[in-house]
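Single-structure report; data block below.
Protein chains get the first letters and strands the later ones, always in sequence-line order, with residue 1 at the start of each.
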Amino acid sequence: MPLTISTWNINSVRLRIDLVAKFLKATRPDVLCLQETKCPDDAFPLKPLAKLGYVHVATNGQKGYHGVAVVSRLPFEAVDRRSFCDKQDCRHVAVTFGERAGLKDPATLHNFYVPAGGDEPDAAVNPKFAHKLQFLDEMRSAAGLHAAPGARAILVGDLNVAPLEHDVWSHKQMLKVVSHTPIECEKLGAVRAAGQWVDAMRMHVPATEKLYTWWSYRAADWAASDRGRRLDHVWVSPAIGDRVSAMTVSRAARGWTQPSDHVPVTVKLEI
DNA sequence: ATGGTCGGCAACCGA
């Protein structure tokens, strides 16, 4: 059965709920993972989503900052929320799809929002960068996060690291810029290696080609300068490493009225 | 080399 999953850092789900609806109508994924919802759970805009058939929603939100959610046409068997770095930040939610969704073999979907890390890439002087590194370390060693041998799992989200040379517009100019420093790239690589996760986006676009999911708000003309970064990711466990039949980055969404600075990424899984 | 823009929420913090 085909299962399509999208991930999008929406930068306020309430402000941009019409853009979410526009995307859902156009793309019709089975599941949409959102980050930076900036919305307490009791204020999540459920109605417009239900109207489009997305009646199953797992939120992990807080007032003002961070926040993640899974919005789905298919029902869940279970929902899990984890905290990291002994903080109350809402940066993770996971759901498991199974028989109720029509899946013979269950599949767990993790949705992450990794800390951005501030401006200065020095953990000794910048606590936000230290937090980001610690968060990645905890992801690497988190019990039960990585799929058991043979198990089906997907990990998506705004991981706030662009690990490969062509995940940024200029590798050389980005080496000391938070999101592309060697230590971040190494630590994200260690998370991926710990679960033997397969980079589904790079399965479909060679590492030699530029691939971005984020463009700064500060650029005068984001499309013309095209100084993007691939901060958003889709990983799949080895058991479904060969089941990703399509991958799309919705670059056009960056040009919509009052856009998020991130665009949706969608994969189609044959599971 | 520097500053450039957003959103939440009501003065700045986080990105």
Side-chain angles (χ1 to χ4, degrees), chain A residues 7-23 33-45 59-69 83-92 111-123 125-136 139 156-163 167-170 172-181 183-185 187-188 212-233 251 253-265:
Chain A
T7 179
W8 193 8
N9 178 318
I10 194 62
N11 187 16
S12 174
V13 69
R14 283 178 288 183
L15 184 70
R16 279 184 251 285
I17 188 62
D18 291 347
L19 295 189
V20 173
K22 175 176 176 166
F23 171 75
C33 294
L34 295 170
Q35 304 86 33
E36 271 206 278
T37 53
K38 296 184 175 178
C39 180
D41 291 347
D42 61 9
F44 200 88
T59 54
N60 186 15
Q62 66 188 85
K63 187 180 174 183
Y65 304 105
H66 323 311
V68 289
S83 34
F84 292 80
C85 306
D86 291 318
K87 286 177 183 280
Q88 300 310 307
D89 291 8
C90 296
R91 296 182 179 276
H92 169 268
N111 177 14
F112 272 98
Y113 176 48
V114 171
D119 290 330
E120 183 60 49
D122 181 350
V125 299
N126 174 9
K128 289 184 209 164
F129 193 69
H131 176 214
K132 183 179 195 175
L133 298 184
Q134 190 191 338
F135 194 99
L136 291 169
M139 277 179 79
V156 307
D158 176 5
L159 305 185
N160 264 317
V161 181
D167 291 341
V168 294
W169 65 278
S170 168
K172 198 177 161 194
Q173 286 176 258
M174 290 286 299
L175 277 169
K176 290 180 180 173
V177 176
V178 171
S179 73
H180 193 62
T181 64
I183 189 165
E184 293 166 82
C185 298
K187 284 185 185 292
L188 186 72
Y212 311 140
T213 64
W214 175 91
W215 293 261
S216 172
Y217 282 128
R218 293 177 186 175
D221 185 335
W222 72 272
S225 59
D226 200 22
R227 296 186 170 187
R229 307 178 197 172
R230 185 170 71 112
L231 301 179
D232 303 275
H233 297 268
R251 179 184 169 107
R254 185 62 179 80
W256 291 352
T257 303
Q258 200 171 30
S260 168
D261 44 358
H262 296 250
V263 298
V265 180

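Within the structure, a side-chain polar atom (N or O) of A:Lys128 is placed less than 4.0 Å from OP1 or OP2 of B:dG14.
Distance CG (A:Asn11) to P (B:dG8): 7 Å, rounded to an integer number of Å. Taking atom CD of A:Gln258 as the reference point, atom P of B:dC6 lies 9 Å away to the nearest angstrom. One atom, CD of A:Glu36, and another, P of B:dG7, lie 11 Å apart when rounded to the nearest Å. Rounded to an integer number of Å, the gap from CZ of A:Phe135 to C1' of B:dG14 is 15 Å. One interatomic measurement links the two molecules: NE2 of A:His262 to C1' of B:dC6, which rounds to 11 Å at whole-angstrom precision. Between the OH atom of A:Tyr65 and the C1' atom of B:dC12 there is a distance of 8 Å, given to the nearest Å. If you take CD1 of A:Ile10 and P of B:dG7, they are 11 Å apart, rounded to a whole angstrom. Residue A:Asn9 contributes atom CG, which lies 12 Å from atom P of B:dG7 at whole-angstrom precision.
Side-chain N or O atoms of A:Arg254 include none that pairs as donor or acceptor with a backbone N or O of A:Trp222 at under 3.5 Å. Between the side chain of A:Asn111 and the backbone N or O of A:Leu34 there is at least one donor-acceptor pair closer than 3.5 Å.
Counting heavy atoms from C-beta on, the side chains of A:Ser216 and A:Arg227 never come closer than 4.5 Å. Inter-residue side-chain proximity for A:Ser83 and A:His92 is flagged as unmet; no heavy-atom pair is nearer than 4.5 Å.
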**Report entry** Check against salt bridge (Lys or Arg N to Asp or Glu O under 4.0 Å), A:Arg251 and A:Asp226
**Finding:** CA-CA 11 Å; A:Arg251 179 184 169 107; A:Asp226 200 22; 3.0 Å; yes

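Minimum interatomic distance between A:His131 and A:Cys85 (heavy atoms only, all atoms of both residues): CD2-SG, 3.5 Å.
In terms of the side chain to side chain contact (heavy atoms under 4.5 Å, CB included) criterion, residue partners of A:Gln62 (sequence neighbours excluded) are, by chain and number, A:Tyr65, A:His66, A:Asp89, A:Cys90. A:Phe129 meets the ring-ring contact (aromatic ring centres under 6.0 Å, His included) test with no other residue; sequence neighbours excluded.
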Produce the list of close N/O pairs, under 3.5 Å, pairing protein atoms with atoms of nucleotides 2-4 of chain B; give distances to one decimal.
from  : atom 1 : to       : atom 2 : distance (Å)
B:dG4 : O6     : A:Arg218 : NH1    : 2.7

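Comparing B:dA10, B:dA15, B:dG7 by their nearest atom to the side chain of A:Tyr113 picks out B:dA15. Out of B:dG7, B:dA10, B:dA15, the shortest distance to the side chain of A:Arg91 is found at B:dA15. Considering only side-chain atoms of A:Tyr217, the nucleotide from B:dG8, B:dT5, B:dA15 that sits closest is B:dT5.
Note on A:Gln62: nothing from the nucleic acid sits closer than 4.0 angstrom, heavy atoms only. Note on A:Arg227: nothing from the nucleic acid sits closer than 4.0 angstrom, heavy atoms only.
Taking atom P in both B:dG14 and B:dA10, one finds a spacing of 15 Å when rounded to whole Å. Rounded to the nearest Å, the gap between the C1' atom of B:dT2 and that of B:dC13 is 22 Å. Comparing the C1' positions of B:dA1 and B:dC12 gives a spacing of 26 Å, expressed to the nearest Å.
Nearest-nucleotide positions on DNA chain B for A:Gly117 and A:Val13 put A:Val13 closer to the 5' end. Annotation: of the two residues near DNA chain B, A:Val114 and A:Arg16, the 5′-most nearest-nucleotide partner is A:Arg16.
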